[in-house]
Amino acid sequence: MAEHPFAPYVRILGKGKKGSRSLTQQEAFDAMSMILAGDVRPEQLGAFLMLLRVKEESPQELAGFVQAARLHAHAPEALDVDLDWSTYAGKKRQLPWFLLAALVLSENNTRVFMHGSKGHTEGRLYIEEMLVLFGLSAAKGWNQASSDLDEQQFAYMSINEMVPRLGDIIQLRPILGLRSPVHTLCRLINPLGAPCTVDGVFHPAYAPMHQETSLLLGVQQGLTIRGDGGEAELKPDSGCEIRWIRQGELSDEQWPRIYQKRLVKDEVLDPALLLAFWRGESEHDYGEGAVISTLAALLILLNKANQQADALVLARDLWERRNRSRF
């Protein structure tokens with residue numbers, strides 16, 4: 001029986017402590033291209049993903065995976081956005097306040113393209129499920145995404161729509177028992193080639209990996225936040241690690257908290273509070289701090305502010321001047 005064409009990629013990763021190695025960027029591109037084309041057997045896919053998980057993916061591997069995924073996304077080159085915002089983790093301790101920060105940006109001459117997934121981890125809130133509260137919906141294709149951006153300066157698309165095979169693989173998490181490199185590559189896909197990107201991580205080791213992969217992919221302005229629950233949302237009552245790409249240069253810093261005391265967590269997460277808070281019908285100290293802190297970091301990324309103090313002042317001003325009747 002002839003060897004399957006995908007077998008060499010599994011062998012490279014699985015030859016043991018002395019014989020195995022990471023894939024080159026080209027090998028990673030070729031392997032992911034085969035996966036996305038449906039040219040691998042389920043046994044091979046499971047082995048490949050878990051070998052990568054044990055080894056931990058390299059920036060070169062991730063860059064190759066992303067390049068293959070972009071081709072399968074079939075994104076129109078003529079569709080321009082200012083900010084690519086990935087959201088794949090979901091929230092379980094706090095509401096997804098960062099959505100409000102994105103909507104504020106969309107009111108202030110920033111075209112925001114957000115993409116993510118839902119449902120792969122029980123008990124979490126995902127952005128796609130929050131959109132209906134604001135009269136928004138996930139785009140069912142690039143034409144709708146383009147219309148949403150023109151009308152709202154904001155669009156959201158599920159990875160299930162953008163690259164369906166990746167969406168299928170994300171749903172393997174409860175079957176495999178572990179996240180796979182697909183969770184990372186989806187965060188970095190930036191299908192429309194936005195000049196600025198923001199993503200979130202939970203585990204400390206993934207922050208520099210995201211940063212280095214983005215640099216390999218040519219990102220000049222990037223922000224990776226080790227935020228609440230693994231999303232790109234700064235915690236206002238504790239310090240957060242953030243990593244920058246600025247004009248192609250890497251840096252990192254600890255973003256100071258804006259509240260001196262830890263705030264009491266809500267006993268129940270009620271998504272309806274997001275809309276009420278936007279409309280000014282309710283108050284929420286943590287939510288306000290999360291929105292303003294996250295918005296401030298994005299203003300620096302977008303070159304609308306230079307340092308945290310100035311960015312916080314501008315963020316608070318933009319938040320106060322939001323169109324409360326928009327939704």
Q.
Show, in sequence, the C-alpha distance, side-chain angles and deciding distance for Leu273 and Trp278, and conclude whether the side chain to side chain contact (heavy atoms under 4.5 Å, CB included) test is met.
A. CA-CA 8 Å; Leu273 181 58; Trp278 175 277; over 6 Å; no

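- Residues that satisfy the side chain to side chain donor-acceptor pair (under 3.5 Å) test with Glu43, not counting sequence neighbours, are Arg41.
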Q) Given Arg179 and Thr184, is the side chain to side chain donor-acceptor pair (under 3.5 Å) satisfied, shown in steps? A) CA-CA 9 Å; Arg179 69 185 295 282; Thr184 301; 2.8 Å; yes

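- Nearest heavy-atom pair across Ile170 and Cys186 is CD1-SG, 3.8 Å.
- Leu49 has its side chain out of reach of Leu178: every pair of non-hydrogen atoms, C-beta onward, lies at least 4.5 Å apart.
- For Tyr88 and Tyr126, the distance between ring centers is not under 6.0 angstrom.
- The hydrophobic cluster containing Val163 also contains Val182, counting ILVMFWY residues as joined when their side-chain heavy atoms lie under 4.5 angstrom apart, directly or transitively.
- Between His210 and Tyr206, the ring planes are perpendicular. Angles over 60° get that label, and only those under 30° would be called parallel.
- Ring-plane geometry between Tyr9 and Phe6 is classed as tilted, the angle between the planes lying from 30 to 60 degrees on a 0 to 90 degree scale.
- Val132 and Leu274 fall into different hydrophobic clusters, where Ile, Leu, Val, Met, Phe, Trp and Tyr side chains are chained together by heavy-atom contacts under 4.5 Å.
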Q: Please test Gln144 against Ser137 for side chain to side chain donor-acceptor pair (under 3.5 Å), starting from the C-alpha separation and ending with a verdict.
A: CA-CA 10 Å; Gln144 185 183 340; Ser137 62; 3.3 Å; yes

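- A salt bridge between Glu61 and Lys55 is present, with a side-chain N of the basic residue lying under 4.0 Å from a carboxylate O of the acidic one.
- Under the 6.0 Å cut-off for aromatic ring centres, Phe154 and Trp85 do not qualify, their centroids lying 6.0 Å or more apart.
- Within the model, atoms CG of Leu312 and CH2 of Trp319 stand 15.0 Å from one another, a figure rounded to the nearest 0.5 Å.
- We find that Glu241 and Arg243 are joined by a salt bridge, their nearest charged nitrogen and carboxylate oxygen being less than 4.0 Å apart.
- Looking at Asp199 and Arg187, no side-chain N of the basic residue comes within less than 4.0 Å of a carboxylate O on the acidic one, giving no salt bridge.
- A tilted orientation is assigned to the rings of Trp255 and Trp244, their planes being inclined by 30° to 60°.
- A heavy-atom distance below 4.5 Å is found between the side chains of Tyr156 and Ile127.
- In plain terms, the two heavy atoms of Ser117 and Ile159 that are nearest each other are CB-CG2, 4.0 Å.
- Checked by atom type, the side-chain pair Gln67/Gln25 shows a donor-acceptor distance below 3.5 Å.
- The number of heavy atoms from other shown groups lying within 6.0 Å of CZ (Arg316) does not exceed 12.
- Closest approach of Ala68 to Ser33, counting heavy atoms only: CB-OG, 3.6 Å.
- Atoms CZ and CG, from Arg165 and Asp168 in turn, are 6.0 Å apart once rounded to the nearest 0.5 Å.
- The CG atom of Leu166 sits 10.5 Å away from the NE2 atom of His183 when rounded to the nearest 0.5 Å.
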(Q) Show, in sequence, the C-alpha distance, side-chain angles and deciding distance for Val198 and Phe98, and conclude whether the side chain to side chain contact (heavy atoms under 4.5 Å, CB included) test is met. (A) CA-CA 11 Å; Val198 60; Phe98 65 91; over 6 Å; no

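- Remark: Tyr286 OH to Trp97 CH2 distance equals 10.0 Å, nearest 0.5 Å.
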Q: Please assess Asp237 against Arg262 for the test salt bridge (Lys or Arg N to Asp or Glu O under 4.0 Å), listing each intermediate value before the final yes or no.
A: CA-CA 5 Å; Asp237 58 351; Arg262 296 298 294 267; 3.4 Å; yes

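- Checking Ser325 against Asn323 by side-chain atom types alone, a donor-acceptor pair falls below 3.5 Å.
- Atom CD of Glu3 has more than 12 heavy atoms from other residues, nucleotides or ligands within 6.0 Å.
- Between His115 and Glu161, the closest side-chain pair of non-hydrogen atoms is not below 4.5 Å.
- Scanning both residues, Gly123 and Lys92, for their nearest heavy atoms gives O-CB, 3.8 Å.
- Atom CG of Asn306 has 12 or fewer heavy atoms from other residues, nucleotides or ligands within 6.0 Å.
- Using a cutoff of 4.0 Å between basic side-chain nitrogens and carboxylate oxygens, Glu107 and Arg321 are not scored as salt-bridged.
- With a 6.0 Å radius and a threshold of 12 heavy atoms from other residues, nucleotides or ligands, Phe202 has its CZ atom at or below the threshold.
- A distance of 11.5 Å separates CZ in Phe134 from CD in Gln152, rounded to the nearest 0.5 Å.
- Looking at Leu136 and Leu103, their side chains come closer than 4.5 Å, going by heavy atoms from C-beta outward.
- Nearest heavy-atom pair, Leu217 versus Val66, reported as atom, atom and distance to 0.1 Å: CD1-CG1, 3.7 Å.
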Q: Evaluate the salt bridge (Lys or Arg N to Asp or Glu O under 4.0 Å) criterion for residues Lys91 and Glu233: first the C-alpha distance (whole Å), next the side-chain angles of each, then the deciding distance (0.1 Å), finally the verdict.
A: CA-CA 10 Å; Lys91 299 291 291 295; Glu233 179 182 291; 2.8 Å; yes

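- The local environment of CG in Asp310 is crowded, with over 12 non-hydrogen atoms from other residues, nucleotides or ligands closer than 6.0 Å.
- Dense packing is recorded around NZ of Lys265, with more than 12 heavy atoms of other residues, nucleotides or ligands lying under 6.0 Å away.
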**Q.** salt bridge (Lys or Arg N to Asp or Glu O under 4.0 Å) between Glu27 and Arg21, worked out
**A.** CA-CA 12 Å; Glu27 288 169 338; Arg21 63 171 174 83; 2.9 Å; yes

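- Within the 4.5 Å cutoff, the side chain of Ser180 has no heavy atoms near those of the Leu52 side chain.
- Minimum interatomic distance between Ala232 and Thr294 (heavy atoms only, all atoms of both residues): O-CG2, 3.6 Å.
- Between Ile242 and Asp252, every side-chain heavy-atom pair lies at or beyond the 4.5 Å cut-off.
- Side-chain atoms of Pro191 and Met162, non-hydrogen and from C-beta on, do get closer than 4.5 Å to each other.
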(Q) Under the criterion side chain to side chain contact (heavy atoms under 4.5 Å, CB included), I'd like the reasoning laid out for Leu318 against Arg322: C-alpha separation, chi angles, the key distance, then a yes or no. (A) CA-CA 6 Å; Leu318 293 178; Arg322 71 191 182 280; over 6 Å; no

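- Here the side chains of Cys196 and Leu302 are in contact, with some heavy-atom distance below 4.5 Å.
- A salt bridge is defined here as a Lys NZ or Arg NE, NH1 or NH2 lying under 4.0 Å from an Asp or Glu carboxylate O, and Asp80 with Arg111 fails to meet this definition.
- Here the straight-line distance linking atom CG of Leu216 with atom OG of Ser58 works out to 8.5 Å at 0.5 Å rounding.
- Taken together through direct or relayed side-chain contacts under 4.5 Å among Ile, Leu, Val, Met, Phe, Trp and Tyr, Val201 and Leu185 form part of one hydrophobic cluster.
- Hydrophobic clustering (side-chain heavy atoms under 4.5 Å, transitive across Ile, Leu, Val, Met, Phe, Trp, Tyr) keeps Leu149 apart from Leu105.
- Under the 4.5 Å side-chain contact rule for hydrophobic residues, Ile35 and Leu176 share a cluster.
- Note on Arg226 versus Glu231: no salt bridge recorded, every NZ/NE/NH1/NH2 to OD/OE distance being 4.0 Å or above.
- Open room surrounds CZ on Arg93; 12 or fewer heavy atoms of other groups in view lie less than 6.0 Å from it.
- Within 6.0 Å of atom CD in Glu77, 12 or fewer heavy atoms from other residues, nucleotides or ligands are found, so the atom counts as exposed in its surroundings.
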